[in-house]
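To start, the structure under review is shown below, and the notes come after it.
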Amino acid sequence: MIRYVCDRCQREIADRESRFVVKILVEPGDELQPLTEEDMDEDNLHSISETLKDLESQGVESLELSRPVQHRFDLCEECRSHFLQDPLGSTSAEQLDFSEN
Ligand SMILES: [Zn+2]
């Protein structure tokens, strides 16, 4: 039997209780340009190496930022209403301590 624990209050959610799932997707607002076959033409290899140099100079962080990240949380009913009132935890940041798992 799968047991669910509320990710906000760390309380176990009993079978008879309602369980709510929060999914948060964080991705860049602007579409990233994927490499196409055209980019692989020799003529473009130079510009690609330039792009790679740019990425290097910007550091790994920019690559990390371009990657979509999805978080999934289980919430009990009480925490659901708390979450909906303040999804970003801006007014109660110390109460919202989501761990990454
Ligand atoms: Zn809870």
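In listed order, ligands and their atoms are each counted from 1. Sequential numbering from 1 along the given sequence is applied to the chain's residues.
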Three-point angle Cys6:SG, the Zn ion (ligand 1), Cys76:SG, rounded to the nearest 10° |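 Seen from the Zn ion (ligand 1), SG and SG are separated by roughly 120°.
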
Rounded to 10°, how many degrees is the angle SG/Cys9-the Zn ion (ligand 1)-SG/Cys79?
->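 It rounds to 110°.
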
Out of curiosity, Leu75 CG to Leu84 CG, how far, rounded to the nearest 0.5 Å?
->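 If we round to the nearest 0.5 Å, Leu75:CG and Leu84:CG are 8.5 Å apart.
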
So how far is it from Arg8 CZ to Cys76 SG, rounded to the nearest 0.5 Å?
->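 Taking CZ in Arg8 and SG in Cys76, the distance rounds to 8.0 Å.
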
Does any N, O or S atom of His82, backbone or side chain, fall under 2.8 Å from the Zn ion (ligand 1)?
->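 For His82, the answer is no, given that no N, O or S atom comes within less than 2.8 Å of the Zn ion (ligand 1).
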
Shortest non-hydrogen contact between Ser18 and Ile13, atoms and distance =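 Nearest pair, atom of Ser18 first, then Ile13: O-CG2, 3.9 Å.
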
Minimum-distance pair of heavy atoms, taken over all atoms of Cys79 and Cys6 =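 Minimum heavy-atom contact is SG-SG, 3.5 Å.
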
